[in-house]
Amino acid sequence: MKVVIQNTSRVWGGNEKWLATLAAGLAARGHQVIVSCRRGGVVAGELERRGIATTTVRPGAYGDVLRGLHFAGWLRRERPDALLLTSWKGIPWGAWAGRRAGTPRIVVRLGIVRALPRRGRHTRPFRRGVDALLVNSAEVRDAWLRSAPWFPADRVHVVLNGIDALPPPAPEERAALRAELGVSPDALAVAGVGHVQHRKGFDLLLDAFARSGIAESEVVIVGGGPEMDRLRERAAARGIADRVRWAGPRPDAARLLGACDIFVLSSRNEGMANVLLEAMAAGTPVVATDIAGVQAAIGEADGRPAAGWVVPAEDAAALATALAEVAAGVRGHSAEVRRRVEEAAWRIRNWFTVERMIDEAEAVLRGAA
């Protein structure tokens, strides 16, 4: 099978991690995979570093007719068996180009909760050009079907994320990573990781950290983005500026999680956050807001006990209370913290494997699901 995957992101985020994992997995199974992405950007650079083929031919945004025509011509020459569209703004021209080129299978991947507008440029492709949706949580599926009840429910496929789990770092490596981050040796380190934008809720994390009253503690923000200046101002206003470590964007974010004592997912909207799974794999206790994908990852499910702590979304007070509780458990080596961390590790081994994810995504791309 020959697969083209489209992505127009300027940043390396969870969607890009997912498509890179999928592309590598499909290639390892003998499929030919090409990722259509921006020239010279961070996504192209990281994919090429991983040995994944890329092209700069891609569908543009809404008014970019020439890119749409060029992409259709390129698809006609390449003759892929499936086109996977992963960036929202590229869907209208991408789906049109795929249909014009005669691509047998066109699939859209949604990685966050998103409603389809009632009419307009985004509605048309899903009525005429998209064969299936691939989503990463039941919440994403349900929100989609509420906004587009005419879209066949059996063509919306939930494929939970899978990760290549890194083992928790050895004590020497953990100490070295903490020193690199500027974390004090005896401090309890609370981590937040992701693209620093409003959707990720880092403002809630800082507010909760300030309210939690955890002694000898520091918060580590791994990532960069448009909200950085506002976050720095917020930390100063909350009186915690000297306790925040700004790590910036890091390609080894998954490894850094194992050097911290608690991970917080404070997002307002996700589908299923890869970084949440990475923290679970790293053996770091997890506190997360109750958004899409969180209950499936760390809530009580399928008769299994909770694998972390879930708090209401947009509630800094509840997040602060949970942080203080987990911090006390970490410092006291509580059995409850140990049990939830062990459950998280079990779920990574059994529910969130890359092999399972690729099996299911491959079936959707083939039209066999």
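Atoms considered below: every heavy atom in the structure, side chains included; atoms not considered: hydrogens, waters and symmetry mates.
- Few gaps surround CZ on R268; more than 12 heavy atoms of other groups in view lie less than 6.0 Å from it.
- H122 pairs in a ring-ring contact (aromatic ring centres under 6.0 Å, His included) with only one of the listed residues (W96, W88, W144), which is W88.
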Derivation and outcome, side-chain hydrogen bond (donor to acceptor under 3.5 Å, both in side chains), residues R38 and N7: CA-CA 8 Å; R38 292 179 180 275; N7 181 273; over 6 Å; no
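- Ion pair E227/R199 not flagged as a salt bridge, since none of the NZ, NE, NH1 or NH2 atoms sits closer than 4.0 Å to an Asp/Glu carboxylate oxygen.
- Using a cut-off of 4.0 Å between Lys/Arg side-chain N and Asp/Glu carboxylate O, R339 and E342 are scored as not salt-bridged.
- Atom CG of L231 and atom NZ of K200 lie 13.5 Å apart (nearest 0.5 Å).
- For A345, the side chain to side chain contact (heavy atoms under 4.5 Å, CB included) test picks out R349, with sequence neighbours left out.
- With respect to D302 and R304, no salt bridge is recorded, no charged nitrogen being found less than 4.0 Å from a carboxylate O.
- Aromatic ring centres of H195 and F202: separated by at least 6.0 Å.
- Heavy-atom contacts from other residues, nucleotides or ligands closer than 6.0 Å to CZ of R50 number more than 12.
- In this pair, F151 and F126 present their aromatic rings perpendicular. The plane angle is above 60°, beyond the 30 to 60° band.
- Cluster annotation: V275 and V287 are assigned to distinct hydrophobic clusters (Ile/Leu/Val/Met/Phe/Trp/Tyr, side-chain heavy-atom contacts under 4.5 Å, transitive).
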Verdict with supporting geometry, T289 and E314, side-chain hydrogen bond (donor to acceptor under 3.5 Å, both in side chains): CA-CA 8 Å; T289 49; E314 294 277 5; over 6 Å; no
